[in-house]
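Since we're looking at a predicted model, the values are computed, not measured.
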Amino acid sequence: MPEGDTIWRTAAALRQRIAGKVVNDARPAALARLKGRRVEAIEPNGKHLLMRFEGGIALHSHMRMTGSWHVYRPGERWRQPEWRATAVLSFDDVVAVCFAAPVMELVRDAKAPVAHLGPDILVDPFDLDAVIERARRSEAPTLGELLLEQRVCAGIGNIYKCEALWALRLDAWMPPAELDDARLRQLYLTARGLMRPNLVTPIAGQRHAVHGRGGRPCPRCGTPIRIRAQGHQARLTYYCPRCQRKPAVVGED
Ligand SMILES: [Zn+2]
């Protein structure tokens, strides 16, 4: 699933190739109104991508688990079949194609699709106070689910949820109320610290401590990493059962 950092890199790549250019053709028919309009801005916001066009119209896409934007030269072979394309924007020298995005819509108010989101984990300055305030109002029953709550903080996906919890030795199933504000702040700053370097480095070069490493040794203690579905969306949480235990109550063991 694309996380905020992937969307940022996608936006940067699109900006470089299509910003300021005029759309010659737009498909499917629902996007035909973009023909003849110039691309004014491309903005990542959490896991949403907003492409603003002249005339006050914007194309809102959300990648969820499956979507991705690609840019091709005219005639270049696409990396996915055409039937999977949910948007095809043709310019003089490039074609921007979005494959399999579950949300692709034209909007008049570019702020509306992202109005519900919490502060973006990747922006500068990062509004951590607002994140903590939203976190304390959230009904997410566990830390793992809280980190994925885009209304609290936008842009964290499953990978950095797992990695940040592991980095701080926190149990993903701990109720957020059990964590004090200082540690909760540290948790969001850790996720941000892990994600920010990815704005410049390709994702392929990344190595994760726990995510995608089920059964392999924890880099800290050597215990095999476990995988367990979490929350009503059953997102897979990778964790070390030894160093991410709840802190033992004094007097136990
Ligand atoms: Zn461990």
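One distance of note links NZ of K47 with OG1 of T10; it measures 13.5 Å at 0.5 Å rounding. With values rounded to the nearest 0.5 angstrom, R9 atom CZ is found 12.5 Å from L14 atom CG. Expressed to the nearest 0.5 Å, how far NE2 of H208 lies from OH of Y238 amounts to 10.0 Å. Interatomic distance, SG of C98 versus CE of M63, reported as 4.5 Å (0.5 Å rounding). To the nearest 0.5 Å, atoms OG1 (T66) and CD (Q80) are separated by 9.0 Å. Distance check, rounded to the nearest 0.5 Å: NE2 of H211 to CG of N158 gives 5.0 Å.
Cation-pi contact between R84 and W78: absent, since separation from the ring centre below 6.0 Å together with deviation from the ring axis within 45° is not met.
Both I159 and L165 are part of a single hydrophobic cluster, where members link through side-chain heavy atoms under 4.5 Å apart. One hydrophobic cluster holds both V88 and F99 under the rule that ILVMFWY side chains link at heavy-atom gaps under 4.5 Å. Cluster membership for V103 and L117, using ILVMFWY side-chain heavy atoms within less than 4.5 angstrom, is not shared. A single hydrophobic cluster is seen to contain both I132 and V123, as judged by linkage of ILVMFWY side chains at heavy-atom distances under 4.5 Å, directly or through other members. L148 and I7 fall into different hydrophobic clusters, defined by Ile, Leu, Val, Met, Phe, Trp and Tyr side-chain heavy atoms under 4.5 Å apart, directly or through other members.
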Open item on the list: Using the rule given for side-chain contact (heavy atoms from CB on, under 4.5 Å), can you reason through D93 versus K21, listing the C-alpha separation, both sets of side-chain angles and the distance that settles it, and then say yes or no?
Closed with: CA-CA 10 Å; D93 56 345; K21 294 182 181 171; 3.2 Å; yes
TODO: Give the C-alpha distance, both sets of side-chain angles, the deciding distance and a yes or no for side-chain hydrogen bond (donor to acceptor under 3.5 Å, both in side chains) between H60 and E105.
DONE: CA-CA 5 Å; H60 166 228; E105 58 178 359; 2.6 Å; yes
- [ ] Please report the C-alpha distance between K161 and T237 in whole Å, then the side-chain angles of each, then the deciding distance to 0.1 Å, and finally whether the side-chain contact (heavy atoms from CB on, under 4.5 Å) criterion is met.
- [x] CA-CA 8 Å; K161 170 196 86 177; T237 294; 2.7 Å; yes
Task: Evaluation steps, side-chain contact (heavy atoms from CB on, under 4.5 Å), between C162 and Y239 - done: CA-CA 7 Å; C162 299; Y239 65 104; over 6 Å; no
Open item on the list: Please determine whether side-chain contact (heavy atoms from CB on, under 4.5 Å) holds for the pair E178 and L143, giving the CA-CA distance in whole Å, both sets of side-chain angles, and the decisive distance to 0.1 Å.
Closed with: CA-CA 10 Å; E178 290 180 17; L143 281 181; over 6 Å; no
Task: salt bridge (charged side-chain N to carboxylate O under 4.0 Å, His left out) assessment of E163 paired with R207 - done: CA-CA 10 Å; E163 295 296 304; R207 289 198 56 208; over 6 Å; no
Task: Step-by-step salt bridge (charged side-chain N to carboxylate O under 4.0 Å, His left out) determination, R185 to D180 - done: CA-CA 9 Å; R185 295 174 80 90; D180 64 30; over 6 Å; no
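Residues P113 and L50 form a side-chain contact, since some pair of their non-hydrogen atoms from C-beta on lies under 4.5 Å apart. Counting heavy atoms from C-beta outward, E149 and I156 have side chains that stay 4.5 Å or more apart. The closest side-chain heavy-atom distance from P241 to T223 is below 4.5 Å. Contact annotation: the side chain of V97 never approaches that of W69 to less than 4.5 Å [non-hydrogen atoms, C-beta and beyond]. R220 has its side chain within reach of W166: a pair of non-hydrogen atoms, C-beta onward, lies under 4.5 Å apart. Residues W8 and M195 have side chains not in contact (no heavy-atom distance under 4.5 Å, counting atoms from C-beta outward). In this structure the side chain of D5 reaches within 4.5 angstrom of the side chain of Y160, judged on heavy atoms. V95 is not listed as a side-chain neighbour of V71, based on a closest heavy-atom distance of 4.5 Å or more.
Although no hydrogens or angles enter the test, the distance criterion places no donor-acceptor pair under 3.5 Å between the side chain of R134 and the main chain of S138. At least one donor-acceptor pair under 3.5 Å links the side chain of R196 to the backbone N or O of L122. Although no hydrogens or angles enter the test, the distance criterion places no donor-acceptor pair under 3.5 Å between the side chain of E54 and the main chain of R37. Without hydrogens or angle criteria, N45 side chain to H48 main chain gives no donor-acceptor distance under 3.5 Å. In this structure, the side chain of E76 does not engage the main chain of Y72 through any donor-acceptor pair within 3.5 Å. Between the side chain of Q230 and the backbone N or O of L236 there is no donor-acceptor pair closer than 3.5 Å. Under a 3.5 Å cut-off, the side chain of D120 and the backbone N or O of G46 do form a donor-acceptor pair. Not a single donor-acceptor pair under 3.5 Å links the side chain of R235 to the backbone N or O of G144.
Of all non-hydrogen atoms in E145 and A140, the two that sit nearest each other are C-CB, 4.0 Å. The minimum heavy-atom distance linking T86 with A100 is given by the pair OG1-N, 3.7 Å. Nearest approach of L106 to A30, heavy atoms of both residues: CD1-O, 3.4 Å. Heavy-atom minimum distance, I57 versus R108: N-NH1, 4.2 Å. The minimum heavy-atom distance between C218 and I225, with the atom names listed, is CA-CD1, 3.6 Å. Closest non-hydrogen pair, F53 versus L34, comes out as CD1-CD2, 3.5 Å.
Between L89 and the options D25, L59, V94, a side-chain contact (heavy atoms from CB on, under 4.5 Å) holds for only L59.
For CZ of R242, the number of neighbouring non-hydrogen atoms (other residues, nucleotides, ligands) closer than 6.0 Å is 12 at most. Annotation for H232: atom NE2 does not count as buried by contact number, only 12 or fewer foreign heavy atoms lying within 6.0 Å.
With respect to E82 and R27, a salt bridge is recorded, a charged nitrogen being found less than 4.0 Å from a carboxylate O.
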